[in-house]
Amino acid sequence: MKIIGFIAVCITGWLLLSAINDFPDFGDPHSPANGYRLSQYYITDTFTDTSVPNMVTAVLADYRGYDTLFETVVIFTAGIAIIGILRRYGSSDKSVGRSKAFIEEPRKDLLIHTTCRLLIPIIQLFALYVIAHGHHSPGGGFQGGAIFGASFILLALAHNLKTAEKRMPERRILTLAGVGIFIYAGFGLACLILGNNFLDYSILHKLLPITPIEARSHSMLGVEIGVAFTVTAIMFSIYSNLVSSSRMKEGL
Amino acid sequence: MILNIICITLVSLGILFFIGGALGILRFPDYYTRMHAAGKGDTMSILLIFGGIALYQMHEVTVANALVAGKILFIAAFIMLTSPTSTHALMRAGYEEGIRPWTRKTKKGQSDS
């Protein structure tokens with residue numbers, strides 16, 4: 001049996017390795033996936049349209065802004081649904097098999113606490129960088145928000161849920177999640193009020209002393225910030241609900 | 001040429017340590033010794049491999065290459081911080097849950113896995 005497994009692994013590995021040659025090069029504009037006229041338009045015209053070098057973000061936040069807006073709404077809805085289904089109020093203590101001291105006292109572990117103290121600021125700084133640099137390099141609101149939410153989860157893992165809850169109470173979670181979508185939709189509405197289509201950012205140059213092309217670039221940043229708010233809040237909300245059997249009191 | 005040789009040596013050494021870690025996870029008798037192999041072997045091997053890659057980036061000494069090499073070294077530094085800590089956390093969690101360390105005197109009937 002072991003020999004058959006070994007042969008299967010070898011054959012699969014050989015197949016995978018032999019397929020490497022057929023991959024298109026990294027960033028190859030003539031790869032089959034980029035063969036359509038639509039892709040060619042994005043490749044040639046994104047920078048002149050929006051002055052954003054990262055065309056993925058341009059497609060995501062500008063050309064297909066509706067899609068991303070409702071993606072954010074989907075995340076918001078998922079978070080609200082999890083809170084709505086799982087969250088239980090009131091105080092019955094029978095749900096957890098662990099002792100009270102274990103729950104109440106934050107665990108003292110010098111090594112883990114020191115590492116977290118070192119790492120959490122760096123993680124959060126990196127998350128902000130990923131958000132703010134989303135239209136220049138790989139990154140954006142979803143990724144940065146996920147990293148930011150993960151830093152709160154790390155805090156909850158290293159100390160306990162209460163410590164993280166102090167930094168990020170439930171009320172604040174819900175507010176931030178809503179504010180994120182309002183920021184995104186607000187950009188769209190501002191475009192609408194100024195007389196353009198919904199989420200057509202170029203009209204926003206009237207508000208600031210910039211050109212219409214720059215307005216599209218900067219609006220993408222604003223939109224990403226909105227997305228990041230929602231993703232951060234919902235990430236931590238899902239974690240804290242699932243881990244504490246929805247009482248927000250104890251858990252890991 | 002010399003740079004290439006150094007890079008190849010570093011990466012090969014890293015892979016050797018990786019194999020050691022993988023063998024340790026497979027072959028060691030209990031939880032604690034397995035985590036020991038995983039924590040030490042992986043950290044060392046990732047340091048070596050990333051050191052080799054970072055050095056390879058410096059083929060031509062330009063600012064852009066130095067930036068890439070620096071980022072790789074940053075990743076190595078973060079892994080050096082976090083990998084032992086996570087191993088420590090897992091060990092402690094296992095100890096608090098009451099997993100007994102393996103000894104040679106395990107009775108015949110009990111499985112030691």
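Below, chains carry the letters A, B, ... as their sequence lines are ordered, and counting in each starts from 1.
In this structure, Met44(B) CE and Phe18(B) CZ are separated by 12.5 Å, a value rounded to the nearest 0.5 Å.
Residues Ile173(A) and Pro169(A) form no side-chain contact, since every pair of their non-hydrogen atoms from C-beta on lies 4.5 Å or further apart.
Within residues 115-130 of chain A, the residues having any heavy atom closer than 4.5 Å to a heavy atom of chain B are Thr115(A), Leu118(A), Leu119(A), Ile122(A), listed by residue number.
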- request: Using the side-chain contact (heavy atoms from CB on, under 4.5 Å) rule, take Asp49(A) and Tyr41(A) through it: C-alpha gap first, then chi angles, then the decisive distance, then the call.
  value: CA-CA 11 Å; Asp49(A) 277 359; Tyr41(A) 174 80; 2.8 Å; yes

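Heavy atoms of other residues, nucleotides or ligands lying less than 6.0 angstrom from OH of Tyr42(A) number more than 12.
Counting all heavy atoms, side chain and backbone alike, Ser83(B) lies closest to Thr43(B) at OG-OG1, 3.1 Å. Residues Ile72(B) and Phe50(B) come closest through the heavy atom pair CG2-O, 3.5 Å.
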